[in-house]
Amino acid sequence: MQYSFSTVLMALISSNLIIIFTAVCFRNKNLLVSFGYKMFALLLGFTFLRFLLPFEFPFATNLVFPEIFSRAVHFLRHYFYQSEHFNLSIWSIFELVWLAGTLVMLVRFLGENLVFHHRVVWESINVTEDEHYSRLLDEICGDRPNPFCVFELSGLKVPLLYGIRHPRILIPIGMKLPEEELRFLLSHEAAHHLHHDIFIKLGVSLLTIVYWWNPACHALKRQLDAVLEMRVDDYVTEDSFESRHKYLKCLIHVAEKQAGQDKKHARV
């Protein structure tokens, strides 16, 4: 394996081309359904690996680019300022700006997660012992061990999954739903854990932090959220028309309930 400026540049170009291609193609929901979620994951996985391994492998084939491309690379790497301590080129400035932006994005990402983690630890209320929740989760997990804890947390609009080793299902405080609707919501969050969606989101978040200057990367992150939700919805409803109908009614009811809570708080 060889490592050089050209291999890093090719890894950079190929990774971003895949990101742009995926983001453009999967703007079309019909195309997304036709390709399937596994194709989406495969493209993202290849992008992530290419970013982590910017090497030239023995089996790789060299591509011959037009001379204008070589001139452009030479122009980017040409030092327009040189001294005993450092040299400056357009490429080195790009690297500095890229590194600074990546650090800012990383600090922001870690800060937001630390703030939310603090809220979960100190403000959430453990309601796992409530027989209503524990019984439903045991039924949802079936033969698998039940690793979930249920916590109430203020400020949430909808339930969400939090944590990897010790997954918590966070629900809005005072959320009272019929048992069937509650089963749907808990099944939804349990399915996210079963499909390791937190790891997938984390991987794409890291790509977005590194390639913060690529708008397609941010678009891809938004598309990923929609893709994961669609996959979990299909898993929960099991392709049953009756189950889908009840599930959609549940989502509408939760949205209307939350909208009513927001209006109530706004008046206060």
Side-chain angles (χ1 to χ4, degrees), residues 37 40-41 44 108-130 132-141 144-206 208-209 218 220-237 246-262 264-265:
Y37 310 127
F40 191 97
L44 288 180
R108 181 184 300 175
F109 175 77
L110 294 176
E112 291 174 352
N113 280 273
L114 285 174
V115 169
F116 188 73
H117 177 74
H118 183 273
R119 288 194 59 212
V120 172
V121 171
W122 296 103
E123 300 179 19
S124 61
I125 304 170
N126 192 340
V127 293
T128 309
E129 298 304 321
D130 187 318
H132 197 50
Y133 294 117
S134 59
R135 177 175 54 81
L136 284 176
L137 284 171
D138 286 339
E139 293 176 2
I140 290 168
C141 292
R144 297 186 300 268
N146 177 9
F148 301 103
C149 294
V150 181
F151 285 76
E152 289 187 342
L153 183 65
S154 62
L156 295 181
K157 293 184 178 297
V158 293
L160 59 87
L161 179 69
Y162 181 78
I164 298 175
R165 291 185 59 190
H166 305 289
R168 303 182 182 186
I169 296 178
L170 306 178
I171 61 175
I173 285 182
M175 187 184 73
K176 303 298 182 184
L177 296 172
E179 181 170 308
E180 185 176 44
E181 294 185 359
L182 186 58
R183 183 192 299 274
F184 274 130
L185 294 181
L186 294 178
S187 298
H188 183 101
E189 302 309 324
H192 277 305
H193 177 74
L194 179 64
H195 291 95
H196 310 293
D197 289 346
I198 288 182
F199 287 106
I200 298 174
K201 289 185 177 182
L202 179 61
V204 175
S205 294
L206 291 177
T208 307
I209 288 171
H218 296 274
L220 192 62
K221 185 178 179 181
R222 293 191 296 269
Q223 291 171 340
L224 175 72
D225 291 337
V227 167
L228 295 181
E229 293 303 319
M230 290 166 59
R231 182 179 66 171
V232 167
D233 290 344
D234 287 344
Y235 177 82
V236 171
T237 55
K246 292 180 179 179
Y247 183 69
L248 289 174
K249 286 182 64 177
C250 167
L251 296 181
I252 294 172
H253 180 223
V254 172
E256 291 176 344
K257 190 178 182 67
Q258 187 57 46
Q261 291 289 337
D262 291 342
K264 181 179 177 180
H265 291 312

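The figures here come from the full heavy-atom set of this structure, side chains too, leaving out hydrogens, waters and symmetry mates.
Summarising the geometry, atom NE2 belonging to H132 is positioned 10.5 Å from atom CG belonging to L137; distances are rounded to the nearest 0.5 Å. Atom CZ of residue R231 and atom CD1 of residue I200 lie 5.0 Å apart, to the nearest 0.5 angstrom.
Taking D138 as the reference, N146 meet the side-chain hydrogen bond (donor to acceptor under 3.5 Å, both in side chains) condition, with sequence neighbours excluded. Contacts of L110 classified as side-chain contact (heavy atoms from CB on, under 4.5 Å), with partners at least two apart in sequence or in another chain: L106. Listed by chain and residue number, F109 satisfy the side-chain contact (heavy atoms from CB on, under 4.5 Å) test with N113 (two or more places apart in sequence, or in another chain). The ring pair (Phe, Tyr, Trp, His ring centres under 6.0 Å) check on H195 picks up Y235, with sequence neighbours excluded. A search for side-chain contact (heavy atoms from CB on, under 4.5 Å) contacts involving K221 returns V204, S205, T208, not counting sequence neighbours. Judged as a ring pair (Phe, Tyr, Trp, His ring centres under 6.0 Å), and not counting sequence neighbours, the contacts of Y162 are F116. In terms of the salt bridge (Lys or Arg N to Asp or Glu O under 4.0 Å) criterion, residue partners of R135 (sequence neighbours excluded) are, by chain and number, E139, E179. Partners of E181 under the side-chain hydrogen bond (donor to acceptor under 3.5 Å, both in side chains) rule, at least two apart in sequence or in another chain, are H253. Judged as a side-chain contact (heavy atoms from CB on, under 4.5 Å), and not counting sequence neighbours, R165 has no contacts.
Between the side chain of T128 and the backbone N or O of V150 there is at least one donor-acceptor pair closer than 3.5 Å.
The stretch residues 108-119 participates, sequence neighbours left out, in these salt bridge (Lys or Arg N to Asp or Glu O under 4.0 Å) pairs: R119-E123.
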Mind listing the side-chain donor-acceptor pairs of residues 184-193 below 3.5 Å, one per line with the distance, residues two or more places apart or on another chain?
| unit_1 | atom_1 | unit_2 | atom_2 | d |
| --- | --- | --- | --- | --- |
| S187 | OG | R183 | O | 2.7 |
| H188 | ND1 | D233 | OD1 | 3.4 |
| H188 | ND1 | Y247 | OH | 2.7 |
| H188 | NE2 | H192 | NE2 | 3.1 |
| H188 | NE2 | E229 | OE1 | 2.7 |
| E189 | OE1 | L161 | N | 3.1 |
| H192 | ND1 | D197 | OD2 | 2.6 |
| H192 | NE2 | E229 | OE2 | 3.1 |

For this session: Give the intermediate values and the outcome of side-chain contact (heavy atoms from CB on, under 4.5 Å) for residues I169 and Y133.
Result: CA-CA 10 Å; I169 296 178; Y133 294 117; over 6 Å; no
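When every heavy atom of P159 is checked against every heavy atom of P172, the shortest pair comes out as N-CD, 4.0 Å.
The neighbour count for H196 NE2, taken as heavy atoms of other residues, nucleotides or ligands under 6.0 Å away, does not exceed 12.
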